[in-house]
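For reference, the structure discussed in these notes is given below.
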2 protein chains.
Amino acid sequence: MTRRDDSKAETRELILNSARSLFWEKGPDKCSVRDIAKEAGVSPASIIVHFKNKTALLEVALYEEIEKTLGKALASLPSDQGLQAVLMHIVSIILPFYDKNRELYRVLIRDTFFEPIQESPSLAQLDENFIQFIVTLINQEKKMGNFRSDIDSHLAASSLFYLYLGVLRNFLRNPNFRVAEAVDTLSKILNLHLAGI
Amino acid sequence: MTRRDDSKAETRELILNSARSLFWEKGPDKCSVRDIAKEAGVSPASIIVHFKNKTALLEVALYEEIEKTLGKALASLPSDQGLQAVLMHIVSIILPFYDKNRELYRVLIRDTFFEPIQESPSLAQLDENFIQFIVTLINQEKKMGNFRSDIDSHLAASSLFYLYLGVLRNFLRNPNFRVAEAVDTLSKILNLHLAGI
DNA sequence: CTTTTTCATTAAACATGTTTAATAAATAAA
DNA sequence: TTTATTTATTAAACATGTTTAATGAAAAAG
């Protein structure tokens, strides 16, 4: 760590703090890079040099809390319960988390959802981890004889994830869609698809 | 139709033709409103006045062909086949259609997917129609005793649609994901979820 | 210690979607 | 026919994300 690196890291933190504050309060669409720069006491160019673009800054600014929340959800799993209960437990933590500032997370997901994975690698990794976690759950259920053993675990996990994303989309784009409704909807959908239609 | 309305409609068509041409050839992200305006021989402001914003122009420019394609798919259904075969028939037409210019449709869907429904009402209507169509298929299968009669048809249809969207997302964001692979993946996913996991 | 090189920072410029205010021509009113 | 009003159009301005070129200070080389 040279003196230069220190100062660079300091600038980075200044930007991140201002970004978190303004993104949270005004929403990413309603605050400009110039606003954040002014609040942080740096130039707009500096923000782009540090983070490449506004969306990447948003991702870095929000990533840590999302990951922490997911971590907490995984650490507080209901033991010896089935796949569905475990998934619903996680969703029951994630959706209220997003609900604390739905517009904020809507913009984050909107701006990364259809972009190449390498543009938002940490978010993509989070999703991939989640899917992998579902895979292990499915494999457990297979071993206990609850699920057919001939199914492709990763495919099954991916598609359960797609069902979650479908509900999440409605949740994020429709402010009237309440957390409890979303959770309930997903629960019913999981029922449907675990038992077969 | 007054003379004013005629000229307005003419301007609209000029804009739409130029937009279709440039969107298709350069991609929506790589051609500006000014480019389209110049090609159409109108002012950039005129485009915004006519279509409200660039994304809305994109939607209007592409809607008709999408709807036509979906219509053709529905008109050429394999008769007396099950839900899965019918869905795969439709997907086998839609994905090759998007594949003719994947980047173009990727941008369209990216820019509307998480926006309020009223921002892209015709696309939303298309989706809703598709879901309703699946509902009727499910109800048929129920009558024939192939599906459990206690399931919520609309919920089941929605979730099948979510599975499609999950695959579509991968298809659009990953240029290496080939049509045949996507179709195959979705087929396997449908197997999984119709039979139960 | 001096010189050279690296690099964090930024002012200014640029690209582009959109808004605003003005204009002129078509339509409606008199 | 004359006057008033509506409205399609646009030039100019604006907002904002991003790029470029310049600068100065820190680090490395001599």
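No experiment lies behind these values; they were computed from the predicted model shown. Labels below follow one simple rule: chain letters A, B, ... track the order of the sequence lines, proteins then strands, and each chain is numbered from 1.
- In this structure, NZ of A/K8 is placed 4 Å from P of C/dA8, rounded to the nearest angstrom.
- Side-chain atoms of A/H50 lie closest to C/dT9 of the nucleotides C/dT9, D/dT9, D/dT18.
- Using a 4.0 Å cut-off between charged side-chain N and carboxylate O, B/E115 and A/R106 make a salt bridge.
- One finds the CG atom of A/L194 at 8.5 Å from the CD1 atom of A/I138 (value rounded to the nearest 0.5 Å).
- The side chain of B/S7 sits closest to D/dA8 out of C/dT18, D/dG17, D/dA8.
- Summarising the geometry, the separation between CG on B/D111 and C1' on C/dT16 is reported as 14 Å, rounded to the nearest angstrom.
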Output a table of nitrogen or oxygen pairs between the protein and nucleotides 19-26 of chain D separated by less than 3.5 Å.
{"unit_1": "D/dA26", "atom_1": "N3", "unit_2": "A/R4", "atom_2": "NH2", "d": "2.9"}

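- The residue A/S32 sits close only to the backbone: its heavy atoms come under 4.0 Å of sugar-phosphate atoms, none of a base.
- Using a 4.0 Å cut-off between charged side-chain N and carboxylate O, B/D111 and B/K54 make no salt bridge.
- Regarding B/R34, its CZ atom lies at a distance of 10 Å from the P atom of C/dA15, rounded to whole Å.
- For the pair A/I15 CD1 and D/dT18 P, the computed distance is 13 Å after rounding to whole Å.
- Within the 3.5 Å criterion, the main-chain N or O of A/L16 finds no donor-acceptor partner in the side chain of A/H50.
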Set out, line by line, the N/O atom pairs under 3.5 Å between protein and nucleotides 2-4 of chain D.
none

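- The residue among B/I47 and A/D29 whose nearest nucleotide of DNA chain D lies closer to the 5′ end is B/I47.
- For A/K52 and A/E59, the salt-bridge test fails: no basic side-chain N is under 4.0 Å from an acidic carboxylate O.
- Atom CD1 of A/I134 and atom CG of A/N129 lie 11.5 Å apart (nearest 0.5 Å).
- Rounded to whole Å, atom C1' of D/dT7 lies 17 Å from atom CZ of B/R12.
- Regarding A/I36, its CD1 atom lies at a distance of 8 Å from the P atom of D/dG17, rounded to whole Å.
- Side-chain contact between B/D152 and A/K188 is absent, with no heavy-atom pair separated by less than 4.5 Å.
- Atom pair A/F23:CZ and D/dT16:P shows a separation of 13 Å (rounding to whole Å applied).
- How far CE of A/M88 is from CG of A/D184: 8.0 Å, rounded to the nearest 0.5 Å.
- An OP1 or OP2 oxygen of C/dT10 is reached within less than 4.0 angstrom by a side-chain nitrogen or oxygen of A/S46.
- Atom CD of A/E119 is separated from atom P of D/dG17 by 17 Å (rounded to the nearest Å).
- Shown here for B/T112 and A/R173, the closest heavy-atom pair between the two residues is O-NH2, 3.5 Å.
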